[in-house]
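Numbers here simply count residues along the sequence, with the first being 1.
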Amino acid sequence: MVYLSNYAEFEVGSDQYEWLRKDLSSFDRKTTPWLVATFHAPFYSSYTAHYLENECMRQAMEEVLYTYGVDVIFNGHLHVYERTFPMYKFAVDACGPVNIIIGDGGNIEGVYKTYADDTGECPAPSVPSYQKAGGFCPIRPYNGSLCASSQPAWSAFREPSFGHGILTFMNSTTALWQWNRNIDSEAVVADSVYISRKPSCSSQQLHFQEGPMTDVHPTITFS
C-alpha cells in the first residue's frame, strides 16, 4: 500500500513526486503483484462537493501511478461512495486503476447528495484553502465542459450513503471488492466487483513473470 498526501508538495520534481517514482519502480510484480495507493482527496468524483478539488495533484501524479501499474486507488474527503471503472485521464482504460471513494464511514455533516451532472448543479471552479501546491489547474474534460451532462462514462457505481467496504485479494490477478451500506438492517452487499490485473498491459508487466496463482486471501477493510 502506497500512502500519498495532497496536503504536501506534490508537483513534478517535488520530494513526494520523486519518492513515489522511486518507490513504485522498486516493486517486483512477481512477488508483489498488487499495488494499491491511497490519499485523502480523490482525483475523480461526480459529486458537486469538492468537485475537481485535487485536479492539480492528478495532473502531476496520475501518469506516474498509471505508468507503474497501480491497480486500485482509495480516497476519502467526500462523505459518499463512488467506484470507477479502470480509467486514466477521465476515460475508461483497461490498464488504469480502479478509483474508489470510501469517505462514507459517517460524519456529522451527513452525506453529499448532489451530482455535478444534475441540471444546474455544475459548481464553479475553486481552489481549496488547504492546497499547498499547484494552485488552480483548470480543465474542461467533457467536450469542453467542466461537468458531464449525465453520469460520467468512467463512473461505474455511485451512491450517497454511509457504508464500508472489504477488499479481498483472491490471487495474483483477481481481487474482490464489496461495499455495504451502514443503514441496512442485514449484511447486504450493495456493490460488488471482481478487479482483474492485466499482465498484458505494459504498465503491469514491470518485473512481472507468469507463474502459478497463489490461493492466499489477505483482506483489507475500509470504513
Name the atoms and distances for all side-chain donor-acceptor pairs under 3.5 Å in residues 187-196, with sequence neighbours left out.
unit_1, atom_1, unit_2, atom_2, d
Asp191, OD1, Arg83, NH2, 2.9
Asp191, OD2, Tyr81, OH, 2.5
Asp191, OD2, Arg83, NE, 2.8

I'd like a table of donor-acceptor pairs (distance under 3.5 Å, sequence neighbours excluded) in which one partner is a side-chain atom from residues 114-124, with atom names and distances.
unit_1, atom_1, unit_2, atom_2, d
Asp117, OD1, Arg158, NH2, 3.1
Asp117, OD2, Arg158, NH1, 2.8
Asp118, OD2, Tyr115, N, 3.2

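Within the 4.5 Å cutoff, the side chain of His79 has heavy atoms near those of the Phe162 side chain. Leu4 has its side chain within reach of Gln16: a pair of non-hydrogen atoms, C-beta onward, lies under 4.5 Å apart. Contact of the Leu78 side chain with the Ser45 side chain is registered, since non-hydrogen atoms from C-beta on lie closer than 4.5 Å. In this structure the side chain of Pro152 never reaches within 4.5 angstrom of the side chain of Phe90, judged on heavy atoms. You'll find the side chain of Val70 reaches within 4.5 Å of the side chain of Leu24, heavy atoms only. Counting heavy atoms from C-beta outward, Phe85 and Val98 have side chains that stay 4.5 Å or more apart. At least one side-chain heavy atom of Glu82 sits under 4.5 Å from a side-chain heavy atom of Ser155. The side-chain heavy atoms of Leu65 and Thr67, taken from C-beta on, include no pair separated by under 4.5 Å.
The pair Asp71-Arg29 meets the salt-bridge criterion, since a charged nitrogen lies less than 4.0 angstrom from a carboxylate oxygen.
Separation of the Phe74 and Trp177 ring centroids falls under the 6.0 Å cut-off.
Note: Leu146 CG to Ile139 CD1 = 9.5 Å, rounded to the nearest 0.5 Å.
Across Pro97 and Tyr66, no two heavy atoms sit closer than the pair CD-CD1, 4.5 Å.
Under the rule for a side chain to side chain donor-acceptor pair (under 3.5 Å), the partners of Tyr142 that lie at least two apart in sequence or sit in another chain are Trp154. Checked against side chain to side chain contact (heavy atoms under 4.5 Å, CB included), Glu159 has the following partners two or more places apart in sequence or in another chain: Phe157, Ser161, Trp179, Arg181. Not a single side chain to side chain donor-acceptor pair (under 3.5 Å) links Asp23 to another residue, sequence neighbours left out. Contacts of Glu62 classified as side chain to side chain contact (heavy atoms under 4.5 Å, CB included), with partners at least two apart in sequence or in another chain: Phe43, Tyr44, Arg58, Tyr88, Lys89.
Under the 3.5 Å distance criterion, the side-chain polar atoms of Ser5 are matched with a main-chain donor or acceptor of Tyr7.
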Derivation of the side chain to side chain contact (heavy atoms under 4.5 Å, CB included) call for Glu63 and Met61: CA-CA 6 Å; Glu63 184 176 2; Met61 288 189 158; over 6 Å; no
Walk me through whether Leu20 and Val2 qualify under side chain to side chain contact (heavy atoms under 4.5 Å, CB included). CA-CA 8 Å; Leu20 176 63; Val2 178; 3.9 Å; yes
